[in-house]
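Below is one structure, written out as structure tokens; comments come after it.
Excluded from the calculations below are hydrogen atoms, water molecules and symmetry mates; all remaining heavy atoms, backbone and side chain alike, are included. None of these values were measured; they are calculated from a predicted model.
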Amino acid sequence: MTRRIPGFAAAMLVVGGLTGCGGDTSETASPSISPTASAGATGEQEAVLAQEARWLTAITAGDRDTIESILGPDFKHITSEGRLLGRDEEIASIVPVAFTMNATGQVVDIVGDTAVIHGVNTVTESGNVLARERFTDVFVKQDGTWMALSAQETSI
């Protein structure tokens, strides 16, 4: 999912401290499961965060094929500027970027086949903070795979 950072076509996703995801994960927070989630949600929570991390890696690399495999057919994205993008527009805007994104304070709530991730993303380049955004990403499990349905961020 493409994020609009001042002067850049950027991306925001959760790194989640998962190994091999790329980007700076030194400040990542451990995700938590809401009290309403089922007892077996830990494995599902990890699967959602892995998909989100895969998405982040694909965005920064400009890997449209991977992003197409993650975004559901009805995907919508509300940027930090309030612009609504559909799936096709989102994919078309993907280009490789030089900065890193570090998500912290992640909370994953899972109810049935729907997962909601909340967190804060810090975008940096050469040690300089370009932007901070609070985000919400929604995933729906389809045929055993967590697919992104919605993304929204707010500049903070």
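- Counting heavy atoms from C-beta outward, Glu52 and Leu56 have side chains that stay 4.5 Å or more apart.
- The shortest distance between side-chain heavy atoms of Val138 and Thr114 falls below 4.5 Å.
- Between atom CD of residue Glu89 and atom CD1 of residue Ile94 there is a gap of 11.0 Å, rounded to the nearest 0.5 Å.
- In terms of the side chain to side chain donor-acceptor pair (under 3.5 Å) criterion, residue partners of Asp63 (sequence neighbours excluded) are, by chain and number, Thr66.
- Scored by the side chain to side chain donor-acceptor pair (under 3.5 Å) test, Thr145 finds no partners at all (sequence neighbours excluded).
- Side-chain N or O atoms of Glu153 include none that pairs as donor or acceptor with a backbone N or O of Glu133 at under 3.5 Å.
- In this structure, Arg134 and His118 have side chains that are not in contact, with every pair of non-hydrogen atoms separated by 4.5 Å or more.
- The two residues Thr57 and Thr60 have their closest heavy-atom pair at O-OG1, 3.2 Å.
- Residues passing the salt bridge (Lys or Arg N to Asp or Glu O under 4.0 Å) test with Lys141, sequence neighbours excluded: Glu44.
- Using a 4.5 Å heavy-atom threshold, the side chains of Asn102 and Thr100 count as separate.
- Proximity of a side-chain donor or acceptor of Arg132 to a complementary backbone N or O of Ile156 within less than 3.5 Å is not detected.
- Both Trp146 and Phe135 belong to a common hydrophobic cluster when Ile, Leu, Val, Met, Phe, Trp and Tyr are linked at side-chain heavy-atom distances under 4.5 angstrom.
- Grouping Ile, Leu, Val, Met, Phe, Trp and Tyr residues whose side-chain heavy atoms lie under 4.5 Å apart, directly or via other members, leaves Met147 alone, with no other cluster members.
- Taking 4.5 Å as the limit, some side-chain heavy atom of Glu68 sits within range of a side-chain heavy atom of Arg87.
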